2 protein chains.
Amino acid sequence: MSAANTGVPAPLDTPLPSPVPGDEHDQCPVTDVLRRIGDKWTVLVVVLLGQRPHRFNELRRGIEAISQRMLTRTLRGLEKDGLVHRKVFATIPPSVEYRLTPLGRSLLEPLSGLARWAVEHQPAIAASRRVNNLPPRTS
Amino acid sequence: MSAANTGVPAPLDTPLPSPVPGDEHDQCPVTDVLRRIGDKWTVLVVVLLGQRPHRFNELRRGIEAISQRMLTRTLRGLEKDGLVHRKVFATIPPSVEYRLTPLGRSLLEPLSGLARWAVEHQPAIAASRRVNNLPPRTS
DNA sequence: CTGGATCCATCCTGATACTG
DNA sequence: CAGTATCAGGATGGATCCAG
């Protein structure tokens, strides 16, 4: 935190990859990533796997509220995108280990930036939600 | 960029606010924020407003593919959370100006971090998606 | 110009039951 | 243990029409 809120729009060292083509109907990478990790469980799983590799039911116990189905789906999505590696041990009973790939680990860093912002400003957002519970506009 | 990808897991200066309570059924602030900005249009609107204030139809033209309804909904959501300020000019015809609040502007920074990651790794993700188009596992 | 109201298709998520 | 299959409810997004 150096020059924080001086009132100036803050010229951002990374200009965010341009508004969008407009007439292009496929979305920009940013939106794409946001939608991938913006679901209900992905971030939780990534964070857990960021600590160490986990087995399936280990993740399940770590999250608790997640259903078996959603954990599978979440892991499949992450695996498909190359963020998580799935390693099967042909034992009896079978066991499967999930771990972040280097690509997946590289996500932890920008994610932590957003996490810090979220934790820091969550009270302000919550407050704004309470106040601005859509009171009729002037009328 | 100092120590970038050395292969080591990178110990993250911000440890991401802990996995989750587990038995708590309300989500952590990070998930909350991710779900707010993880929808189809929010980030696009925020980015546009990050450049300068816009009027309603100006935003609409800037995004093009967005429907009137979704632009309204997106803006209402951002307004409710205190990220966007809505200023009405009682002219004829009426005009409304939207601009980021300081809170909204503060989001641009962590967002740009994620944006940089997305742009940088989007090719790898796309490639992984093509390869891993869910080929039947062994079978 | 700005936006509300409706209707509808689709996606996401959860609960439950079953399998190698 | 680690999943898959199926069904149902809610959320999300789009099209269209109407209004101040």
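Protein chains get the first letters and strands the later ones, always in sequence-line order, with residue 1 at the start of each. Reckoned from all heavy atoms, side chains included, excluding hydrogens, waters and symmetry mates. Because the structure is predicted, anything quoted here is derived from the model rather than measured.
A close approach under 4.0 Å does occur between a side-chain nitrogen or oxygen of A:R76 and OP1 or OP2 of D:dT4.
Ranking C:dG14, D:dG3, C:dT2 by closeness to the B:R86 side chain, first place goes to C:dT2. If you check D:dA2, C:dT2, C:dG4 against the side chain of A:Q68, the one that comes closest is D:dA2. Minimum atom distance to the side chain of B:R55 is reached by C:dT2, of the listed C:dG3, D:dG14, C:dT2. For A:W41, the side-chain atoms get nearest to C:dG14 when compared with the rest of D:dG3, C:dG14, C:dC1.
Atom CD1 in B:I63 sits roughly 11 Å away from atom P in D:dG14 (whole-Å rounding). If you take CG of B:D39 and P of C:dC12, they are 13 Å apart, rounded to a whole angstrom. As a whole-Å value, the separation of A:R61 CZ from D:dA2 C1' is 12 Å. Residue A:R60 contributes atom CZ, which lies 12 Å from atom C1' of C:dG14 at whole-angstrom precision. If you take CG of B:L75 and P of C:dG4, they are 10 Å apart, rounded to a whole angstrom. For the pair A:E79 CD and D:dG3 P, the interatomic distance rounds to 9 Å; values are reported in whole Å.
No contact: B:R73 has no heavy atom under 4.0 Å from any strand. Within 4.0 Å of B:Y98, counting heavy atoms only, lie sugar-phosphate atoms of the nucleic acid but no base atom. Within 4.0 Å of B:R35, counting heavy atoms only, lie sugar-phosphate atoms of the nucleic acid but no base atom.
Summarising the geometry, atom CD1 belonging to A:I37 is positioned 7.0 Å from atom CG belonging to A:L114; distances are rounded to the nearest 0.5 Å.
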Stepwise side chain to side chain contact (heavy atoms under 4.5 Å, CB included) check, A:L100 with A:L107: CA-CA 10 Å; A:L100 291 185; A:L107 175 60; over 6 Å; no
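In terms of heavy-atom proximity, B:T42 sits nearest to B:R36 at OG1-O, 3.5 Å. B:L108 and B:G50 get closest at one heavy-atom pair: CD1-CA, 3.8 Å.
Between A:P94 and A:K40, the residue whose closest nucleotide on DNA chain C is further toward the 5' end is A:K40. If you find the closest nucleotide of DNA chain D to A:E97 and to B:S67, the one lying nearer the 5' end belongs to A:E97.
By the 4.0 Å N-to-carboxylate-O rule, A:R73 lies too far from A:D39 to be salt-bridged with it.
Contact of A:R69 with C:dT13 (side chain to base): a donor-acceptor pair of N or O atoms is detected under 3.5 Å.
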